[in-house]
Asks: 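Handing you this structure, nothing more for now.
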Amino acid sequence: MSEEARSAGARITEGESYIGKSVVRPQTARLLAGRGVFTDDIKLPRMTHVAFLRSSHAHARIVSIDAGAAKALPGVVAVIAGEEMARVCGGWVGTLAHFKGMKSAKQYPLAIGRATWQGEPVVAVVAESRAVAEDAVARIAVEWDPLPAVTDPETALDPSTPVIHPELGDNLAFELELTSGDVDRAFREADAVYSDTFWMGRHTGVTLEARTILADFDLSEQRLTVYHSFQAPNMMQDILARHLRIPEHNVRVITKDVGGSFGIKVHIYPDEMAACALAVMLGRPVKFVADRFESFLSDIHARDHRVKAEVAVKRDGTILGMKVDDLTGIGPYSVYPRTSAVEGNQTVRLTPCGYKFRDYAASLKVVLQNKTPMCQYRAVGHPIAFAVMEGMVDRVARELQLDPVEVRRKNYITRDMYPYTSPTGYFFERLSHEEALDRLLEISDYPALCAERDTLRSRGIYRGLGLCTFIELTTPGPAFYGVGGARISSQDGCTIKLEPTGKLICMTGVTEQGQGTDTMIAQVVATAMGVPLDDVRVLTGDTMVTPYGGGTWASRGAGIGGEAALLAGKALKENVLKVAAAILACEPMDLDLRRGRIVDAGTGEVRLDLGELGRIAYFRPDTLPKDFQPELAVTRHYVPRHQGFAFTNGIQLSHVEVDVDTGFVRLLKHWAVEDCGRIINPRLVDEQVRGAVVQGIGAALFEHCVYDEQGQLLTGTMGDYLVPMAAEMPEIVVDHVQTPTLFAEGGFKGAGEAGVAGAPGAVLNAVNDALAPFNARVTRQPITPDVILKALDKL
Amino acid sequence: MDTSLEISLTVNGVPVRRRVEPRLSLVDFLRYELELTGSHVGCEHGVCGACTVRVDGELVRGCLMLAVQADGCRVETIEGVAGTGEIFDLQQAFAEENALQCGACTPGLLLTAQEILRRNPRVDEAEIRRGLSGNYCRCTGYHAIVQAIRKAGAGRAGGTR
Ligand code: FES
Ligand code: FES
């Protein structure tokens with residue numbers, strides 16, 4: 001990167017900068033007054049509601065559907081089954097070309113002939129109200145022919161196991177073998193080899209606002225308008241256009257307030273596609289709101305891994321090499337369009353990434369099963385990778401009686417080794433493992449905690465400390481999806497308009513689900529322009545209006561959307577100064593824009609108010625030179641070009657107390673130090689980290705989609721599926737190291753998933769530390785009391 | 001067959017008379033009949049607290065109460081409570097502490113927080129967390145919510161001293 005860009009990068013943190021300031025999100029006011037507009041809050045004229053008859057079997061042939069009684073019910077508008085809908089909405093296959101050999105079956109909005117998981121939509125009923133639609137669903141008689149369900153990934157590939165989609169030949173969706181260096185030699189030369197098997201249960205997102213979509217089709221103009229609780233409106237626009245065969249510029253997707261997403265609301269769901277197809281078929285608005293039971297059955301599930309790990313070490317704790325074998329079950333279909341292979345792929349690629357050993361071999365199998373489809377959820381693959389890696393590091397420390405801190409330090413990629421490419425092919429511009437560890441030990445007073453733990457043990461109180469080093473994949477370029485053939489934008493645009501009053505309207509392709517995207521963008525724009533923050537309004541999530549972009553996923557908002565906003569702000573400022581120079585009959589370079597006023601660049605003397613500039617440019621351009629045209633709206637785009645991802649890193653520490661009689665874990669405190677580069681809004685970043693840590697804790701201790709052997713989900717309500725609640729959650733201390741990326745002027749990287757990446761590993765290690773006096777160890781998540789009691793041989 | 005019943009009640013101080021189906025929950029009545037969409041629905045099971053409203057001054061889960069049961073009652077929703085200025089300090093503290101992200105849980109949390117502080121403005125952190133044990137928030141991790149309630153509580157306790 002050039003010196004010039006470097007100094008420009010530095011400049012934006014100087015002077016009147018909003019970068020690094022914890023400004024309050026202005027748009028919270030409406031949410032605090034009950035005036036948010038979530039998709040279900042929208043009511044359209046002639047609106048109808050759809051409810052679905054869903055498969056009650058994990059796997060069954062649909063022998064017949066009798067919808068006569070349903071159709072006869074007053075208020076029912078239409079009852080539609082699979083084949084009829086497929087004529088309007090074509091099917092899809094969730095594979096990506098760069099996952100070699102990947103396969104999946106064609107999936108339709110409504111099951112045709114056969115249902116492959118409990119909860120798969122089979123018949124859609126549209127009615128004047130949701131209640132009537134549900135009444136009608138209850139009157140549909142389906143004759144089922146139950147088929148054997150494939151539930152256990154371990155036996156999914158056995159010859160005796162039925163093949164879910166015969167056209168695929170087997171139940172293997174994807175496999176991958178990775179090797180780097182000479183792992184056999186590493187194991188031969190090791191002083192010791194340790195192996196473990198980790199079982200990481202299925203869980204799901206449980207966004208408080210369930211998935212919701214409202215589709216409206218105007219037959220006269222052939223235009224589809226969709227209000228959608230979603231993360232990636234342009235992706236949805238593209239897919240609706242192609243599958244419903246509507247010209248893409250006639251499809252408008254609008255995301256209003258979104259009540260949490262976390263990767264749940266970035267996939268194509270058959271029920272949502274069905275709702276849009278129904279709107280086209282009926283020429284009336286159709287609304288679908290998942291109820292909580294439907295959410296548990298049909299929102300994507302996450303994780304579901306069995307990982308065997310083996311690590312080869314020297315007596316002093318030096319890691320020589322590692323072997324990993326990951327088996328993951330993804331349900332009957334790979335989810336469209338991002339695929340269900342990314343989770344496993346990232347798991348095996350991320351695992352060794354904190355450390356400098358080069359001899360690594362991984363094998364991944366992604367298998368089909370008759371359970372809810374599994375796909376990308378916040379921190380895709382990360383929490384599994386680091387729970388396994390860090391679990392093994394602590395195992396090494398325990399076996400060799402070494403300090404877990406020192407084993408990490410000994411094996412970290414050190415500051416002198418950057419830039420560095422991992423044995424799995426990830427490029428790291430600069431990570432800060434050593435700095436983050438030092439910071440964590442300091443803020444947590446780690447030695448004192450260890451001493452306290454040791455003292456309490458003699459009193460029969462079992463506390464544990466668990467570290468988890470992690471990296472986070474953020475700010476992805478086109479190598480992620482684009483090269484695999486998916487029409488998912490890795491670039492984002494930002495448009496800024498100067499209004500006649502001198503205020504700014506800004507539109508961005510990245511989207512808002514509560515993380516504070518619009519505040520963060522406003523801070524960048526206000527800083528780049530030199531205007532007060534209050535003068536900037538930000539609009540997100542309207543494909544008709546906002547510049548084309550990817551939306552929210554893979555922690556890309558700040559790194560990509562933020563950078564585009566910075567470039568747009570600088571460009572508009574340049575244009576504004578040209579207009580000012582024309583008005584004031586001087587050179588643009590003699591002027592600057594500060595606090596919303598045109599000033600003399602040298603003296604700072606105020607020359608012109610932005611409102612006055614706007615008035616002249618819009619209403620009295622006749623007073624400007626004849627050959628001068630003011631351009632007071634600009635658009636700039638940004639895509640990361642210099643590295644595949646902007647990786648970040650950090651470390652977490654969990655402090656727990658285990659009741660060895662009941663198996664209950666009490667969370668005492670949690671620390672997280674992370675490095676997301678230059679921080680735009682510290683409070684927003686801290687709250688991202690805290691919220692994500694709690695999601696990670698949920699996965700570690702509570703959350704579990706439990707199935708019986710027939711593939712029936714046993715945890716279909718929030719009474720059965722435990723989520724983290726306030727009373728059990730610990731205080732979470734967040735701190736930062738800041739290593740800005742030099743590949744982009746802003747220096748921003750992502751922060752949205754760091755908490756989830758490290759929390760489960762930290763909790764796992766903390767529990768195991770507490771259990772150390774009993775020589776017991778757990779390698780199963782969620783770590784429920786029975787898991788602990790079994791490890792203690794008490795159950 | 002028309003099974004609807006007539007109910008009359010006050011909602012945010014305004015008298016309301018409507019015919020409703022007996023199976024209609026209070027929160028659905030508020031959201032869809034009265035278009036007071038500030039009350040949310042998260043679980044329909046009494047677990048998440050998103051549907052929290054006040055009925056005759058008591059906190060109620062709008063998903064567990066039927067609209068017909070509110071006949072003759074005084075119902076207050078986030079729109080009403082926010083409108084009177086009663087929770088102005090809480091709203092401000094929530095904004096300052098970033099105690100909300102997506103905001104889906106926020107109306108229910110504000111009403112719950114108001115009840116916690118009404119009982120004891122000097123409430124400590126553990127009591128606040130216990131008081132929130134029926135309110136699910138997926139986004140924040142609760143830390144900022146607890147801080148915001150403490151902050152508002154400290155302001156109130158100071159004011160009454
Ligand atoms: S919707 Fe009423 S408690 Fe969850
Ligand atoms: S802020 Fe999203 S659920 Fe609480």
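Each chain gets a letter, A, B and so on, in the order the sequences are listed, and its residues count up from 1.
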Asks: Which atoms form the tightest heavy-atom contact between B:Phe94 and B:Leu109, and what is the distance?
Replies: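 Closest pair (atom of B:Phe94, atom of B:Leu109, distance): CE2-CB, 4.3 Å.
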Asks: Check whether A:Phe262 gets within reach of chain B through its side chain, its backbone, both or neither, counting any heavy atom under 4.5 Å.
Replies: side chain
Asks: Measure the shortest side-chain to side-chain distance between A:Ile732 and A:Val689 over non-hydrogen atoms and say whether it is less than 4.5 angstrom.
Replies: no
Asks: Between A:Gly755, A:Ala726, A:Gly260, which has the largest tally of heavy atom pairs under 4.5 Å with chain B?
Replies: A:Ala726
Asks: Could you tell me the separation between the CG atom of B:Leu9 and the SG atom of B:Cys73, rounded to the nearest 0.5 Å?
Replies: 7.5 Å
Asks: Identify the heavy atoms of B:Gly141 and A:Val694 that sit nearest to each other, and give their distance.
Replies: CA-CG2, 3.4 Å
Asks: Side chain, backbone, both or neither: which part of B:Leu110 has a heavy atom under 4.5 Å from chain A?
Replies: side chain
Asks: Run the numbers on B:Ile7 and B:Phe29 for side chain to side chain contact (heavy atoms under 4.5 Å, CB included), then give the verdict.
Replies: CA-CA 11 Å; B:Ile7 57 172; B:Phe29 172 70; 4.1 Å; yes
Asks: Is the closest side-chain heavy-atom distance between B:Val20 and B:Arg18 below 4.5 Å?
Replies: yes
Asks: Do B:Cys137 and A:Leu208 have side-chain heavy atoms sitting under 4.5 Å apart?
Replies: no
Asks: Could you give the distance from SG (B:Cys102) to CG (A:Leu31), rounded to the nearest 0.5 Å?
Replies: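 That separation rounds to 8.0 Å.
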Asks: Between chain B and chain A, which N or O donor and acceptor atoms come closer than 3.5 Å?
Replies:
| from | atom 1 | to | atom 2 | distance (Å) |
| --- | --- | --- | --- | --- |
| B:Arg23 | NH1 | A:Asp135 | OD1 | 2.9 |
| B:Arg23 | NH1 | A:Asp135 | OD2 | 3.3 |
| B:Arg23 | NH2 | A:Asp135 | OD2 | 2.8 |
| B:Arg31 | NH1 | A:Asp41 | OD1 | 3.1 |
| B:Arg31 | NH2 | A:Asp40 | OD2 | 2.9 |
| B:Arg31 | NH2 | A:Asp41 | OD1 | 2.7 |
| B:Tyr32 | O | A:Lys43 | NZ | 3.1 |
| B:Tyr32 | OH | A:Asp40 | OD2 | 2.3 |
| B:Glu35 | OE2 | A:Lys43 | NZ | 2.8 |
| B:Gly42 | O | A:Arg292 | NE | 2.7 |
| B:Gly42 | O | A:Arg292 | NH2 | 2.9 |
| B:Glu44 | OE1 | A:Arg292 | N | 3.1 |
| B:Gln91 | NE2 | A:Leu32 | O | 2.9 |
| B:Glu96 | O | A:Arg683 | NE | 3.0 |
| B:Asn98 | OD1 | A:Arg25 | NH1 | 3.4 |
| B:Leu100 | O | A:Arg25 | NH1 | 2.8 |
| B:Gln101 | O | A:Arg25 | NH1 | 3.4 |
| B:Gln101 | O | A:Arg25 | NH2 | 3.1 |
| B:Gln101 | OE1 | A:Gln688 | NE2 | 3.2 |
| B:Gln101 | NE2 | A:Glu687 | O | 3.2 |
| B:Arg129 | NH1 | A:Ala726 | O | 3.0 |
| B:Arg129 | NH1 | A:Met729 | O | 3.2 |
| B:Tyr136 | OH | A:Val206 | O | 2.7 |
| B:Arg138 | NE | A:Gly205 | O | 2.7 |
| B:Arg138 | NH1 | A:Glu703 | OE2 | 2.8 |
| B:Arg138 | NH2 | A:Thr204 | O | 3.1 |
| B:Arg138 | NH2 | A:Gly205 | O | 3.1 |
| B:Arg138 | NH2 | A:Tyr377 | OH | 3.4 |
| B:Arg138 | NH2 | A:Glu703 | OE1 | 2.7 |
| B:Arg138 | NH2 | A:Glu703 | OE2 | 3.3 |
| B:Tyr142 | OH | A:Pro724 | O | 2.7 |

Asks: What part of B:Ala104 is in contact with chain A, defined as an atom under 4.5 angstrom from a non-hydrogen atom: side chain, backbone, both or neither?
Replies: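 Both backbone and side chain.
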Asks: Specify which of A:Val693, A:Val24, A:Val289, A:Val37 makes the most heavy-atom pairs with chain B at under 4.5 Å.
Replies: A:Val24
Asks: Counting only heavy atoms closer than 4.5 Å, note whether A:Ala131 contacts chain B via side chain, backbone, both or neither.
Replies: both
Asks: Pick from A:Gly205, A:Ala29, A:Gly36: which one has the most heavy-atom pairs with chain B under 4.5 Å?
Replies: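 Of the options given, most contacts go to A:Gly205.
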Asks: What residues form a salt bridge (Lys or Arg N to Asp or Glu O under 4.0 Å) with B:Glu6, not counting sequence neighbours?
Replies: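 Salt bridge (Lys or Arg N to Asp or Glu O under 4.0 Å) check on B:Glu6 returns B:Arg17.
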Asks: What are the two closest heavy atoms between A:Pro760 and A:Gly696, and how far apart are they?
Replies: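 That closest heavy-atom pairing would be CG-O, 3.5 Å.
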Asks: Quick one, A:Ile264 and A:Val206 - any side-chain contact, counting heavy atoms below 4.5 Å?
Replies: no
Asks: Just so I understand: if I count every heavy-atom pair under 4.5 Å between each of B:Leu24, B:Ile78, B:Leu100, B:Val146 and chain A, which residue has the most?
Replies: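 Ranked by contacts with chain A, first place is B:Leu100.
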Asks: Between B:Val75 and B:Thr10, is there a side-chain heavy-atom distance shorter than 4.5 Å?
Replies: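 Contact flag for B:Thr10/B:Val75 side chains = no.
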Asks: Tabulate, in ascending numerical order, the residues of residues 62-72 of chain B having at least one heavy atom closer than 4.5 Å to a heavy atom of chain A, or enter 'none'.
Replies: none
Asks: Where does B:Val81 contact chain A at under 4.5 Å (heavy atoms): side chain, backbone, both or neither?
Replies: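 B:Val81 has no heavy atom closer than 4.5 Å to chain A.
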Asks: Any side-chain heavy atom of A:Leu667 within less than 4.5 Å of one from A:Ile697?
Replies: yes
Asks: Quick one: what part of A:Pro730 sits under 4.5 Å from any heavy atom of chain B, side chain, backbone, both or neither?
Replies: backbone
Asks: Please look at A:Val258 and chain B and tell me whether the side chain, the backbone, both or neither of the residue comes under 4.5 angstrom of a heavy atom of that chain.
Replies: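 A:Val258 touches chain B through backbone heavy atoms alone.
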Asks: Going through the distances and angles, do B:Arg74 and B:Val55 end up as a side chain to side chain contact (heavy atoms under 4.5 Å, CB included)?
Replies: CA-CA 6 Å; B:Arg74 184 165 49 86; B:Val55 176; over 6 Å; no
Asks: Mind checking what makes side-chain contact (heavy atoms from CB on, under 4.5 Å) contact with B:Ala113, not counting sequence neighbours?
Replies: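 Partners of B:Ala113 under the side-chain contact (heavy atoms from CB on, under 4.5 Å) test: B:Leu90, B:Ile149.
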Asks: I'd like to verify something: which residue of B:Ala99, B:Cys139, B:Gly83, B:Gly38 has the highest number of heavy-atom pairs under 4.5 Å with chain A?
Replies: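 Of B:Ala99, B:Cys139, B:Gly83, B:Gly38, B:Cys139 has the most heavy-atom pairs under 4.5 Å with chain A.
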Asks: A:Ala692, A:Gly719, A:Pro724: which one forms the most heavy-atom pairs within less than 4.5 Å of chain B?
Replies: A:Pro724
Asks: Tell me the closest heavy-atom pair linking B:Gly42 and A:Met718, and the distance in Å.
Replies: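 Heavy atoms only, the tightest pair is O-SD, 4.4 Å.
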